[in-house]
Amino acid sequence: MTADDGFQSAGVATCWRYIASSLDRLVGVVQGLDADDLGWRPPAPETNSLATLAVHTLGNAEENLLGVLCGRPVRREREAEFAAAPTAAEIAARWADLRPRLRAALAALPAAELARGRDHPRRGTITGLEVLLVVARHAAEHLGQAELTRDLLRAERARPEG
């Protein structure tokens, strides 16, 4: 990454590239799906729908990057994310609104903030770098789950009834 990317830290720029890529792909997974497809869950305990995976992962990125890392006010109702039933268009619109706000906040983050500890609501005290890594890992993990869920959905829908 270079200064032309607008980031004050190459480390933040690199993490953002991976986070944004995972979230772009996750939002892409749900595009074109109807409410039934978005709400479908694999037939296994404690699985989540594609809508839940998308809403929850975007909520996690917003809370951690804007709130925990950048110290901005964020109102998140984590448990409500697991009951949400947005459309694919609503998920895309949320990401279209959130993506530039995350990028701008991270671009303005001084490199020294990566070493500073901050209080995380579920993880105790972690550094700014750890916040970035938590979000990158979380987004990639749920992207993989969403891709697998989509593939299982396609297989289920292709199965002849009988």
Side-chain angles (χ1 to χ4, degrees), residues 1 5-7 12-109 120-123 128 130-162:
M1 295 290 142
D5 293 323
F7 287 87
V12 173
T14 298
C15 288
W16 169 245
R17 189 173 76 241
Y18 286 100
I19 291 166
S21 174
S22 289
L23 295 175
D24 286 343
R25 289 175 53 199
L26 177 60
V27 171
V29 165
V30 305
Q31 292 314 293
L33 299 180
D34 63 21
D36 287 341
D37 289 347
L38 286 169
W40 182 85
R41 290 177 26 174
E46 300 186 37
T47 58
N48 289 300
S49 69
L50 290 167
T52 295
L53 289 168
V55 169
H56 169 68
T57 307
L58 293 174
N60 174 273
E62 181 176 28
E63 176 188 49
N64 280 288
L65 298 177
L66 288 182
V68 176
L69 183 60
C70 296
R72 298 184 181 182
V74 172
R75 185 167 180 252
R76 179 184 185 202
E77 295 180 28
R78 185 179 182 279
E79 294 309 312
E81 295 166 2
F82 295 91
T87 66
E90 289 168 337
I91 293 168
R94 174 148 188 233
W95 179 228
D97 172 70
L98 182 58
R99 192 182 202 283
R101 291 189 297 126
L102 294 176
R103 188 189 190 291
L106 293 175
L109 192 71
H120 189 280
R122 290 170 300 284
R123 299 180 185 280
E130 288 173 309
V131 173
L132 288 168
L133 294 174
V134 163
V135 174
R137 180 200 51 79
H138 187 263
E141 183 177 282
H142 285 322
L143 167 61
Q145 291 171 342
E147 289 174 337
L148 180 58
T149 298
R150 179 208 50 213
D151 294 346
L152 292 169
L153 169 66
R154 287 177 178 164
E156 176 71 19
R157 299 291 193 245
R159 184 180 316 164
E161 293 190 33

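All heavy atoms count here, side chains included; hydrogens, waters and symmetry mates do not.
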Might you point out which heavy atoms bring Leu102 and Ala61 nearest each other, and give the distance in Å? CD2-O, 4.1 Å

From CD (Glu77) to CZ (Arg75), nearest 0.5 Å: 4.5 Å

Do Arg123 and Val134 come within less than 4.5 Å of each other through their side chains, counting heavy atoms only? yes

Least distance between heavy atoms, Val29 atom then Ala146 atom: CG1-O, 3.9 Å

Please give me the minimum heavy-atom distance between Pro100 and Trp95, naming the atom from each residue. CD-O, 4.3 Å

Side chain to side chain, Leu69 and Leu106, heavy atoms closer than 4.5 Å: yes

Using the salt bridge (Lys or Arg N to Asp or Glu O under 4.0 Å) rule, collect all pairs that involve residues 47-70, keeping only residues at least two apart or in two chains. Glu62-Arg94, Glu62-Arg101, Glu63-Arg76, Glu63-Arg122

Can you tell me how far apart OG1 (Thr57) and CD (Gln145) are? Round to the nearest 0.5 Å. 8.0 Å

Between Leu65 and Leu132, is any pair of side-chain heavy atoms under 4.5 Å apart? yes

Between Thr149 and Ser49, does the side chain to side chain contact (heavy atoms under 4.5 Å, CB included) criterion hold? Intermediate values first, please. CA-CA 7 Å; Thr149 298; Ser49 69; over 6 Å; no

Flag if over 12 foreign heavy atoms under 6.0 Å of CD, Gln31: yes

Under the side-chain contact (heavy atoms from CB on, under 4.5 Å) test against Pro42, which residue among Leu153, Leu152, Asp151 passes? Leu152

Tested for side-chain contact (heavy atoms from CB on, under 4.5 Å) against Leu50, the lone hit among Leu26, Ile91, Val30 is Val30

What's the separation between atom CG in Leu53 and atom OG1 in Thr47, rounded to the nearest 0.5 Å? 9.0 Å

Pairs touching residues 131-149 that satisfy salt bridge (Lys or Arg N to Asp or Glu O under 4.0 Å), sequence neighbours left out: Arg25-Glu147, Arg137-Glu141

To check you understand the geometry: which heavy-atom pair defines the closest contact between Pro86 and Ala51, and what is its length? CD-CB, 4.0 Å

How close do Gly59 and Glu81 get, heavy atom to heavy atom, and via which atoms? CA-OE2, 3.6 Å

Ring pair (Phe, Tyr, Trp, His ring centres under 6.0 Å) involving His142 - partner list, sequence neighbours excluded: His56, His138

How long is the straight-line distance from CG of Leu23 back to CH2 of Trp16, given to the nearest 0.5 Å? 7.0 Å

Measure the shortest side-chain to side-chain distance between Asp24 and Arg99 over non-hydrogen atoms and say whether it is less than 4.5 angstrom. yes

Scan for salt bridge (Lys or Arg N to Asp or Glu O under 4.0 Å) pairs involving residues 32-61, sequence neighbours excluded, and state none if there are none. Asp37-Arg157

Applying salt bridge (Lys or Arg N to Asp or Glu O under 4.0 Å), which residue pairs with at least one partner in residues 48-61 are found, sequence neighbours left out? none

To the nearest 0.5 Å, what is the distance between CG (Leu33) and CZ (Arg154)? 8.0 Å

For Leu38 and Ala88 the tightest heavy-atom approach is CD1-N, 3.4 Å

Residues in side chain to side chain contact (heavy atoms under 4.5 Å, CB included) with Ala35, at least two apart? none

